[in-house]
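Let me begin by presenting the structure, written as structure tokens, before commenting on it.
Model, not experiment: these values are computed from the prediction.
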Amino acid sequence: MNRRLASILFVLTVLISCSLPVSTVTPPTATPTPVPAVTPTHTALPPLPTAELGLVENPLILALPPSSNTQAQTEAARVLADQFTQRTGHVVVVIVPDSYSTLVEALEKGNAHIVLLDPFSYELAYQMGLVHAVYAVVKEEKTAYGAQFIASRKGEFKSYFNEASQINSAEAAEALAQFADKKPCWSDEFSASGYVLPLGYLNKHQVTTQPAAFVQGHPTVVRSIYAGGICDFGATYVDARKFPSLEDQYPDLMEQVLVVWRIPEIIPYEVLAFSTSMPPEMRDLLAEIIPAILQTTDGKAAIKTAYDIDELLPVNDAYYAEFREYVRASQVELSGLVK
């Protein structure tokens, strides 16, 4: 028994002392689950408060017309700005835009508040919700002017305008129907009285014409009708037939070129307007100040020099409703008329 036990112990000792083989298989390495990138979030800071309109940090801006290019006009505008400031306490500064389109952009950005606009610039700014009309410019006791459709007396058209009374004898629909399928002569693409409003009247009364000839100028429209062969009828301001060189060149022109129908005086001269970004009470205050400025010698001279304005009539946007109606009826793109 002792020998057998000794043998077993010997074998165990040998096994323990031997180097056992080591596995060469590398256990798989666990791939970590990708963690989505986290974009840090920041709490947006509130916008800096805008200074109240009319303070030094945010002044009211008085814009001269783009045609203003003299030092005298700029200085006169500054006199007006000073008058506004003294009478209202609101700080007013002066700018001179490069064009009416630039001026409309300035209104859109809040960089113009008191503006004198031509008819199309006013209408565009109004349709964009940028301005309210405050005063109409008065010229020769009128705030607007008309236009006229003309044709040769030798042609087939009947006149519905009484030269003696200066009154139309029929409504537009009846008078203009005879121009259907006829060829018009227009002055140019930017003319209110020589293109846009006459076209608006034709469209409004569903009178379709042949493609027009743009002859570049109201006197040229008159010449074209007198000469014949270019177009069947035309449109001009009232009364382009009396243009000096025409009367000298064609002594019988007034007899040979007749007025078929006259568009009423609905085309405005310039419109003094205030930005809709101004609070109503501020607009009302400034509107009340303007007549007072006109009653002073310095103020009247400044308005005359800066804007060539002698007289203003208080108006609102409804005052130009009829003009607006026919501009829209013309279907001419307003932005293309604002230069």
Side-chain angles (χ1 to χ4, degrees), residues 65-67 99-101 103-104 107 115-150 161 166-168 171-173 175-176 179 184 186-207 212 218 221 234-240 259-276 283 287 307-309 311-339:
S67 58
S99 64
Y100 278 110
S101 60
L103 181 51
V104 173
L107 284 164
V115 294
L116 186 69
L117 299 171
D118 68 12
F120 293 140
S121 299
Y122 160 69
E123 182 58 23
L124 177 61
Y126 172 79
Q127 289 190 15
M128 295 172 68
L130 301 176
V131 296
H132 287 306
V134 182
Y135 285 98
V137 172
V138 179
K139 295 184 178 181
E140 297 180 352
E141 301 183 347
K142 296 180 180 181
T143 60
Y145 62 99
Q148 59 189 19
F149 289 94
I150 60 174
F161 177 75
Q166 298 284 291
I167 296 174
N168 292 320
E171 296 299 321
L176 304 183
F179 294 143
W186 301 138
S187 172
D188 62 83
E189 294 90 340
F190 301 98
S191 175
S193 58
Y195 170 49
V196 179
L197 267 291
L199 178 60
Y201 267 82
L202 292 174
N203 288 350
K204 182 75 173 179
H205 298 289
Q206 300 179 340
V207 178
H218 294 260
V221 173
T236 70
Y237 64 80
V238 179
D239 188 346
V259 175
V260 175
W261 197 81
R262 273 197 179 163
I263 294 173
E265 294 174 341
I266 62 171
I267 305 171
Y269 296 117
E270 292 88 352
V271 181
L272 184 63
F274 290 167
S275 168
T276 53
R283 291 200 302 268
Y307 294 105
D308 194 24
I309 291 174
E311 186 179 354
L312 294 168
L313 177 73
V315 296
N316 57 30
D317 295 308
Y319 189 76
Y320 301 105
E322 198 171 1
F323 169 73
R324 183 168 298 120
E325 175 186 358
Y326 288 102
V327 169
R328 288 176 175 172
S330 75
Q331 300 179 9
V332 177
E333 184 63 41
L334 259 177
S335 60
L337 298 174
V338 177
K339 300 184 289 181

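Counting only residues at least two apart or in different chains, salt bridge (charged side-chain N to carboxylate O under 4.0 Å, His left out) contacts with residues 326-339 are absent.
Shown here is Gln127, whose CD atom has more than 12 heavy atoms of other residues, nucleotides or ligands within 6.0 Å.
With sequence neighbours left out, the side-chain contact (heavy atoms from CB on, under 4.5 Å) criterion links Ser67 to Pro65. Residues forming a salt bridge (charged side-chain N to carboxylate O under 4.0 Å, His left out) with Arg324 (at least two apart in sequence, or on another chain): Glu123. Residues satisfying the salt bridge (charged side-chain N to carboxylate O under 4.0 Å, His left out) criterion with Asp239, sequence neighbours excluded, are Arg241, Arg262. Partners of Glu189 under the salt bridge (charged side-chain N to carboxylate O under 4.0 Å, His left out) rule, at least two apart in sequence or in another chain, do not exist in this structure. Legend: residues meeting salt bridge (charged side-chain N to carboxylate O under 4.0 Å, His left out) with Asp317, ordered by chain and number and at least two apart, are absent.
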Could you walk me through whether Val137 and Thr143 pass the side chain to side chain contact (heavy atoms under 4.5 Å, CB included) check? CA-CA 6 Å; Val137 172; Thr143 60; over 6 Å; no

Before giving the answer on side chain to side chain contact (heavy atoms under 4.5 Å, CB included), spell out for His132 and Asn316 the whole-Å C-alpha distance, their side-chain angles and the decisive distance to 0.1 Å. CA-CA 7 Å; His132 287 306; Asn316 57 30; over 6 Å; no

Please lay out, stage by stage, how Val207 and Tyr201 fare under the test side chain to side chain contact (heavy atoms under 4.5 Å, CB included). CA-CA 8 Å; Val207 178; Tyr201 267 82; over 6 Å; no

Carefully, step by step, assess Leu313 and Tyr319 under the rule side chain to side chain contact (heavy atoms under 4.5 Å, CB included). CA-CA 11 Å; Leu313 177 73; Tyr319 189 76; 3.9 Å; yes

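In this structure, the side chain of His218 engages the main chain of Tyr237 through a donor-acceptor pair within 3.5 Å. In this structure, the side chain of Thr276 engages the main chain of Gly129 through a donor-acceptor pair within 3.5 Å.
Rounding to the nearest 0.5 angstrom, the gap separating the NE2 atom in His205 from the CG atom in Leu176 is 6.0 Å. Atom OH of Tyr135 sits about 11.5 Å away from atom CD1 of Ile309, to the nearest 0.5 Å. If you take OH on Tyr307 and CD on Glu270, they are separated by 11.5 Å, rounding to the nearest 0.5 Å. Distance check, rounded to the nearest 0.5 Å: CG of Leu117 to CG of Leu103 gives 5.5 Å.
Centroid-to-centroid, the aromatic rings of Phe149 and Phe179 come within less than 6.0 Å.
Looking only at atom types and distance, the side chain of Asp188 has no donor-acceptor partner in the side chain of Ser191 under 3.5 Å away.
Ring-plane geometry between Trp186 and Tyr195 is classed as tilted, the angle between the planes lying from 30 to 60 degrees on a 0 to 90 degree scale.
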